[in-house]
Amino acid sequence: MGYHPITPFGRTAEAVVISLKTRQLAADAPCPIDKWHILRDLTAARKSFELSDRDITLLQALLSFHPDSQLDPAKSLVIHPSNETICTRAGGMANSTMRRHLGRLVEAGLLRRRDSPNGKRYARRVAGEKIAFGFDLTPLLHRAAEIAQRAEEARAHEAEIKTLRETASLLRRDLAALSDLGLTQCPEGPWDALSDMARLTARQLRRKLDLETLEQIVASLRTAVARAASFFEFETPEMSSNGAPNEQHQQSSLKESLDSELTNEEIDPASENAALDSEIDTRIAEKPAAPPPPLRLVLGTCSEIAVFSPDPIQDWHGLIRAAEKIRPMTGISDSAWNDAKAAMGPEQASTTLCAMLQRFSEIRNPGGYLRHLTRKAREGGFSSTRMILALERRAA
């Protein structure tokens, strides 16, 4: 039978001195690791260790008592601050609260108690060797790789949640824009229900949601957006979303038409302007221009306009001003731009320019292309809304 003394706190006293097993673990430990780097990883992975932010706050206070910035297995990693000092460094934490959070850190295997015979924390030298009684930080060093791995998994999980939340927000915005558009162009659609879904989703996204809930929201929104988009005719002669061969054929034909128009402009611009003025005069009794698409749909689909605009665009006046500033950079002449505004209205003309900027590398002659769209607008065969929806479908 052996003798096993008990401390005044009811714990066995075999941890009074560092055991040979602990020394062997210290000898096999990895290289010194920055203690604050371990703390940052543990903060990211605290949920997997079932720790709260107050537990992390207390651990930060305990790490501050270690004199070095690194946890070195070749040195003593036992700290021995008093309860009062710990509470002070933990931002004035109550003593009972400190003991409760300290117990959680010990249960999680991140700290180890090194009790003295009388239960107090102190350090002394025995035969030239320093022996400390208090809290041993060695488990943090040995579990650093595990903590780093869990932190990486937690960060990846948070990144996935962030991506899903952003996707849900974008889908909700598109659903709201399509609902607003449908009320004016397809009143027979289920726009009230879809609009309510967009509004309720916005309220739901204000809360902190888990991964599974966000996946369900994104799936529901994708279905709703596809249902809303099915009420519109996306295919337009200007920006077709058909298969690649057909689209390539239409684009080639359109470019040939625009090249021919550009040649005519260069040969006799005065005669063409006169012909256009005559055409305008003969179409006084035309249909009124179709309403432009919702502004948020335009800005959400056509991101290039914001790149060239120094100020954020918040309303139609801002979009028109931005289009007026950017238009000269595109090579579109004043006469072509004025004709477009006269035929489409400034809102639709600016919307058309935004859509052109999205596919500017594919348009060989922007001025001729805009004149082509202007003529179709006078004939009642052009809608900037369908142009934007075609772009959105192509991006998706």
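Fair warning: this is a prediction, and the values are worked out from it, not measured in the lab.
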*Asks:* Side chains of Lys75 and Gln70: closer than 4.5 Å at any heavy-atom pair?
*Replies:* no

*Asks:* Got a salt bridge between Asp339 and Arg375, using NZ or NE/NH1/NH2 to carboxylate O under 4.0 Å?
*Replies:* no

*Asks:* Less than 4.5 Å apart, any side-chain heavy atom of His101 and any of Leu59?
*Replies:* no

*Asks:* Any idea which heavy atoms bring Arg155 and Arg40 closest together, and the distance?
*Replies:* NH2-O, 3.9 Å

*Asks:* Check step by step if salt bridge (charged side-chain N to carboxylate O under 4.0 Å, His left out) holds for Asp334 and Arg327.
*Replies:* CA-CA 9 Å; Asp334 293 343; Arg327 189 269 310 168; 2.7 Å; yes

*Asks:* Over all heavy atoms of both residues, which pair between Leu141 and Leu77 is shortest? Give the atoms and the distance, please.
*Replies:* CD2-CD1, 4.1 Å

*Asks:* So Leu164 and Ile217, side-chain contact (heavy atoms from CB on, under 4.5 Å) or not? Walk me through it.
*Replies:* CA-CA 9 Å; Leu164 281 173; Ile217 292 175; over 6 Å; no

*Asks:* Looking at every non-hydrogen atom in both residues, tell me the closest pair between Trp316 and Leu295 and how far apart they are.
*Replies:* N-CD2, 3.7 Å

*Asks:* Assess whether atom CD of Glu166 is packed by more than 12 heavy atoms of other residues, nucleotides or ligands within 6.0 Å.
*Replies:* yes

*Asks:* Please report the C-alpha distance between Glu215 and Leu211 in whole Å, then the side-chain angles of each, then the deciding distance to 0.1 Å, and finally whether the side-chain contact (heavy atoms from CB on, under 4.5 Å) criterion is met.
*Replies:* CA-CA 6 Å; Glu215 288 176 345; Leu211 185 64; 3.9 Å; yes

*Asks:* Counting C-beta onward and ignoring hydrogens, is there a side-chain heavy-atom pair between Arg54 and Leu58 closer than 4.5 Å?
*Replies:* no

*Asks:* Kindly check if the number of other-residue, nucleotide or ligand heavy atoms within 6.0 Å of CD (Gln216) is above 12?
*Replies:* yes

*Asks:* Can you tell if the side chain of Asp55 reaches within under 4.5 Å of the side chain of Phe49, non-hydrogen atoms only?
*Replies:* no

*Asks:* Thr201 and Arg172: side-chain donor and acceptor closer than 3.5 Å?
*Replies:* no

*Asks:* Are Pro366 and Met356 close enough that some pair of their side-chain heavy atoms sits under 4.5 Å apart?
*Replies:* yes

*Asks:* Considering only heavy atoms from C-beta outward, does the side chain of Cys302 approach that of Leu357 to under 4.5 Å?
*Replies:* no

*Asks:* Can a side-chain donor-acceptor contact be found between Asn338 and Ser335 if the only test is distance below 3.5 angstrom?
*Replies:* no

*Asks:* Please tell me whether Leu194 and Leu297 are part of a single hydrophobic cluster in this structure, the criterion being side-chain heavy atoms less than 4.5 Å apart.
*Replies:* yes

*Asks:* Closest approach of Arg104 and Ser52, non-hydrogen atoms and distance?
*Replies:* NH1-OG, 3.8 Å

*Asks:* How close do Val218 and Leu171 get, counting heavy atoms only, and between which atoms?
*Replies:* O-CD1, 3.8 Å

*Asks:* Does any part of the side chain of Thr85, heavy atoms only, come nearer than 4.5 Å to the side chain of Phe65, both counted from C-beta?
*Replies:* yes

*Asks:* Looking at Lys162 and Glu158, is there a salt bridge between them, counting it only when a charged N and a carboxylate O are closer than 4.0 Å?
*Replies:* no

*Asks:* Any non-hydrogen side-chain atom of Arg359 less than 4.5 Å from a side-chain atom of Tyr369?
*Replies:* no

*Asks:* Under the side-chain contact (heavy atoms from CB on, under 4.5 Å) rule, what do Glu160 and Leu214 come out as? Steps first, then yes or no, please.
*Replies:* CA-CA 10 Å; Glu160 189 174 1; Leu214 284 172; over 6 Å; no

*Asks:* For the pair Asp174 and Arg222, find out whether any cationic side-chain nitrogen is under 4.0 Å from an anionic carboxylate oxygen.
*Replies:* no

*Asks:* Is there a chain of hydrophobic side chains (I, L, V, M, F, W, Y, each step under 4.5 Å between heavy atoms) that links Leu170 to Leu299?
*Replies:* no

